[in-house]
Amino acid sequence: MTKATSDALLSAVLASLDEDKAEDVVQIDLRGKSEIGDWMVVCSGRSSRQVNAISEKLTDRLKAEFGVISKVEGKETGDWVLIDTGDIIVHVFRPEVREFYQLEKMWLPAGTDPAASFR
């Protein structure tokens with residue numbers, strides 16, 4: 001277990017999401033823009049079951065690798081799960097819910113197409 005910088009934590013988050021087949025992953029740099037964290041990551045799972053699995057595995061991996069205890073909201077329904085690691089805020093959505101809220105539009109620079117930011 002090591003103390004993580006926000007960039008190391010971001011790398012671990014992105015690797016976990018990739019391993020669990022999260023779709024349309026967008027990372028948004030919040031440094032200097034907001035005090036809520038350094039990074040925001042938004043992604044989709046194909047179903048409520050996958051959204052919950054992605055969230056659960058991510059929190060387990062961060063705890064095992066870095067000792068990070070994440071705050072988690074929304075696991076009850078599996079439509080939108082928010083994971084707050086302190087430095088990184090992760091939103092895992094079902095596609096329909098993500099489309100409805102369009103959260104990344106609020107945080108990406110004006111004129112940026114969220115689809116162009118998919119990793």
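Every heavy atom of this structure was used, including side-chain atoms; hydrogens, water molecules and symmetry mates were not.
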Q | Residues that Glu19 engages under side chain to side chain donor-acceptor pair (under 3.5 Å), provided they are two or more places apart | A | Arg61
Q. Looking at Phe66 and Ala8, what are the two nearest heavy atoms and their distance?
A. CZ-O, 4.1 Å
Q: Please answer whether the main-chain N or O of Val51 pairs with a side-chain N or O of Ser55 as donor and acceptor at a distance below 3.5 Å.
A: yes
Q. Distance-only, no hydrogens or angles: does the Gln50 side chain make a donor-acceptor pair with backbone N or O of Asp20 under 3.5 Å?
A. yes
Q.
So Leu103 and Arg98, do their side chains get closer than 4.5 Å, heavy atoms only?
A. no
Q) Quick one: does Glu104's side chain get under 4.5 Å of Met40's, heavy atoms only? A) no
Q: Could you list all the ring pair (Phe, Tyr, Trp, His ring centres under 6.0 Å) pairs where at least one residue sits in residues 68-87, not counting sequence neighbours?
A: Trp80-His91, Trp80-Phe93, Trp80-Tyr101
Q) Can you list every pair that meets ring pair (Phe, Tyr, Trp, His ring centres under 6.0 Å) and has a residue in residues 22-63, with sequence neighbours left out? A) none
Q | Atom CZ of Arg31 with >12 non-hydrogen neighbours under 6.0 angstrom | A | yes
(Q) Among Val72, Leu58, Val90, Thr59, exactly one meets side chain to side chain contact (heavy atoms under 4.5 Å, CB included) together with Val81. Which residue is that? (A) Val72
Q: Test Val25 against every option in Leu14, Val42, Val13 by the side chain to side chain contact (heavy atoms under 4.5 Å, CB included) rule and name the one that passes.
A: Leu14
Q. What residue pairs, at least two apart or across chains, pass salt bridge (Lys or Arg N to Asp or Glu O under 4.0 Å) with a residue in residues 32-41?
A. none
Q) Of all residues at least two apart in sequence or in a different chain, which pass the salt bridge (Lys or Arg N to Asp or Glu O under 4.0 Å) check with Glu96? A) Arg94
Q. What residues form a salt bridge (Lys or Arg N to Asp or Glu O under 4.0 Å) with Asp84, not counting sequence neighbours?
A. none
